[in-house]
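Reminder, nothing fancy here: chain letters follow the sequence lines and each chain counts from 1. In what follows, every heavy atom counts, from backbone to side chain, and hydrogens, waters and symmetry copies are set aside.
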Protein chains: 2
Amino acid sequence: MRQDSAALPPPVLLGLLMARPRHGYELCKEFNRTLGQVWRLGLSQLYAQLKQLEDAGLVAAQEEPQPSRPPRKVYHLTPEGREVFLEWLQQPTPYLRQMRVDLMARLYFFRELGLPGLPELIARQKEVCRAQIERFERLAAEADDDFRRLVLEFRRGQVEAALRWLDRCLEPVGG
Amino acid sequence: MRQDSAALPPPVLLGLLMARPRHGYELCKEFNRTLGQVWRLGLSQLYAQLKQLEDAGLVAAQEEPQPSRPPRKVYHLTPEGREVFLEWLQQPTPYLRQMRVDLMARLYFFRELGLPGLPELIARQKEVCRAQIERFERLAAEADDDFRRLVLEFRRGQVEAALRWLDRCLEPVGG
DNA sequence: CGTGAATATTCAAAATATGAATATTCAACG
DNA sequence: CGTTGAATATTCATATTTTGAATATTCACG
């Protein structure tokens with residue numbers, strides 16, 4: 001029975017490598033300390049992701065031999081990895097179900113890495129939300145069946161809540 | 001790259017078999033027509049689920065030979081299957097991320113099968129939501145870090161929206 | 001008579017997730 | 001001291017899920 005956690009994470013490992021090169025175990029600790037509240041990633045899963053990223057040429061590893069320990073691989077971003085990450089960071093998430101994970105992760109990196117462009121992303125994300133709300137309303141008006149309307153109303157409510165949250169999250173960080 | 005759909009569905013196939021026995025393809029059509037808007041289930045995935053349910057003894061199949069076609073398997077609920085389904089139906093969902101799918105499905109079956117007990121389920125679900133909100137507020141008060149607070153506020157907003165929706169969804173169905 | 005859609009199911013393969021296995025160091029406990 | 005358990009670090013085999021292709025028949029359309 002598979003855990004009901006959010007699907008595979010976005011280029012988050014790339015983001016964690018933006019600050020500096022790290023090896024797998026270190027990434028895991030850092031991840032759990034910060035983004036771990038948003039979703040779970042097992043240690044061996046993390047290594048698997050890392051391998052995929054390496055195959056895709058987005059990260060590269062340097063073996064670091066250690067006296068009397070198995071050598072560890074220190075991963076760093078390739079230029080392409082950096083590009084992919086920065087590109088991902090700017091994109092609003094098109095679906096509600098990804099917001100919990102994707103949007104949170106983006107927000108985290110904007111703050112953590114002190115990158116510019118957060119207000120623009122939020123503005124774009126709000127636009128996406130408004131479009132979704134309109135769409136749900138239109139579909140609800142056309143809907144011939146009660147259940148469909150209920151589903152659409154549920155979703156609209158969720159997106160509206162996200163929109164309100166987006167409005168607040170540009171306010172001064174200290175509260 | 002895996003599709004970002006909601007995790008594996010709850011005992012929904014059991015629910016579809018409550019009305020009457022059906023074979024796989026028929027279930028798929030019925031599913032897509034109704035609950036298909038809530039999440040996606042591929043045809044071969046559905047057959048896989050069916051197989052699991054059969055192994056678990058919750059459904060049983062009867063081969064129905066057809067002239068000049070491959071025989072089809074008509075599935076029906078076993079008494080245990082029926083029990084499991086009815087038990088599942090009464091339970092509120094403990095996590096926000098399951099609401100989109102689980103709660104919607106339950107609601108659908110309550111209406112579709114004309115079963116009693118919906119107001120009780122909704123009351124219990126609201127209780128769960130209120131408890132979650134309190135928890136988020138408590139954690140946010142304790143939180144030492146901004147990002148954590150933002151995440152918790154996002155979640156609280158989502159649960160509050162769900163709560164408001166639950167309030168409305170007992171109103172007369174016709175609107 | 002060929003083409004594509006609908007009916008119906010199975011199977012192999014790819015992608016993901018889980019958990020165990022391996023190996024070393026260090027601190028604490030009695 | 002010896003050993004037990006936690007922390008460091010990574011790999012691998014297996015289980016589970018998902019996808020897509022393969023198979024086979026009928027029917028409607030032009």
Side-chain angles (χ1 to χ4, degrees), chain A residues 1-13 16-17 20-33 36 38-56 58-76 97-98 101, chain B residues 1-13 16-17 20-33 36 39-56 59-76 97-98 101:
Chain A
M1 194 73 70
R2 146 172 149 215
Q3 266 291 92
D4 176 60
S5 53
L8 101 166
V12 158
L13 297 185
L16 292 176
L17 290 174
R20 66 190 149 85
R22 302 177 213 245
H23 56 88
Y25 192 78
E26 210 181 340
L27 279 169
C28 182
K29 276 195 305 177
E30 179 65 9
F31 179 85
N32 284 332
R33 198 175 62 72
V38 179
W39 76 96
R40 294 276 136 203
L41 188 63
L43 195 43
S44 35
Q45 229 180 121
L46 186 144
Y47 281 108
Q49 294 260 332
L50 228 32
K51 197 175 158 48
Q52 273 177 239
L53 291 172
E54 196 178 6
D55 290 344
L58 303 180
V59 307
Q62 254 189 313
E63 289 249 338
E64 209 176 74
Q66 297 186 113
S68 74
R69 280 208 198 194
R72 59 193 188 182
K73 283 173 159 181
V74 178
Y75 289 91
H76 60 267
R97 61 176 175 276
Q98 290 172 357
V101 164
Chain B
M1 195 74 68
R2 146 172 150 217
Q3 266 291 92
D4 176 60
S5 53
L8 101 166
V12 157
L13 297 186
L16 293 176
L17 290 174
R20 65 188 150 85
R22 302 177 212 243
H23 55 88
Y25 191 78
E26 211 182 338
L27 279 169
C28 183
K29 274 195 307 177
E30 178 65 11
F31 178 85
N32 284 333
R33 199 177 60 73
W39 77 96
R40 293 276 136 202
L41 187 64
L43 196 41
S44 36
Q45 227 180 122
L46 186 146
Y47 281 108
Q49 294 259 332
L50 228 32
K51 197 174 157 50
Q52 274 178 240
L53 291 172
E54 196 178 6
D55 290 345
V59 306
Q62 255 190 312
E63 289 247 338
E64 210 176 73
Q66 297 187 114
S68 74
R69 280 208 199 194
R72 60 194 188 182
K73 284 173 158 183
V74 178
Y75 289 91
H76 60 268
R97 62 177 175 273
Q98 289 171 357
V101 164

### Query
When all nucleic acid strands are considered with a 4.0 Å heavy-atom cut-off, which category describes A:Gly42: base, sugar-phosphate, or nothing?
nothing
### Main-chain N/O of B:His23 paired to B:Arg72 side chain as donor or acceptor, under 3.5 Å
no
### Whole-Å distance separating the CG atom of B:Leu53 from the P atom of D:dT17
12 Å
### Contacts of A:Glu54 that satisfy side-chain hydrogen bond (donor to acceptor under 3.5 Å, both in side chains) - sequence neighbours left out
none
### Query
Any side-chain N or O of B:Tyr25 less than 4.0 Å from the OP1 or OP2 oxygen of C:dT7?
yes
### Message
Are the side chains of A:Leu43 and A:Tyr25 in contact, using a 4.5 Å heavy-atom criterion?
### Response
yes
### Task
Could you say whether B:Glu63 or A:Ala48 is positioned toward the 5' end of DNA chain C, judged by the nucleotide with the nearest heavy atom to each?
B:Glu63
#### Entry: Whole angstrom value for the distance that separates P of C:dA6 from CZ of B:Arg72
18 Å
### Message
Taking side-chain hydrogen bond (donor to acceptor under 3.5 Å, both in side chains) as the definition, give me every residue that meets it alongside B:Glu30, ordered by chain and number, with sequence neighbours left out.
### Response
B:Arg33
### Query
Between C:dA8 atom P and B:Gln62 atom CD, what is the distance in whole Å?
17 Å
### Query
Nearest-Å distance, CG (B:Leu43) to C1' (C:dT7)?
10 Å
### Message
Whether A:Tyr47 contacts D:dT10 is assessed here as follows: a side-chain N or O lying under 4.0 Å from the phosphate OP1 or OP2. Is that the case?
### Response
yes
### Query
How close or far is atom C1' of C:dT9 from atom NE2 of B:His23, stated in whole angstroms?
11 Å
### Task
Using whole Å, report how far CG of A:Leu27 lies from C1' of D:dT8.
14 Å
### Summary
Separation of D:dT19 atom P from B:Leu46 atom CG, nearest Å, is 13 Å
### A:Lys51 side-chain N/O to D:dT11 phosphate OP1/OP2 under 4.0 Å
no
### Task
May I ask you to evaluate whether A:Gln52 reaches the phosphate of C:dA15, defined as a side-chain N or O under 4.0 Å from OP1 or OP2?
no
### Query
Do A:Leu17 and A:His76 have side chains that get closer than 4.5 Å, going by heavy atoms?
no
### Query
Rounded to the Å, how far apart are A:Asp55 CG and C:dA15 P?
11 Å
### Message
Nearest to the B:Lys29 side chain among C:dA8, D:dT10, C:dT7, which nucleotide is it?
### Response
C:dT7
### Message
Among C:dT7, C:dA8, C:dT18, which nucleotide has an atom closest to any side-chain atom of A:Ser44?
### Response
C:dT18
### Message
Does C:dT16 have OP1 or OP2 under 4.0 Å away from a side-chain N or O of A:Gln45?
### Response
no
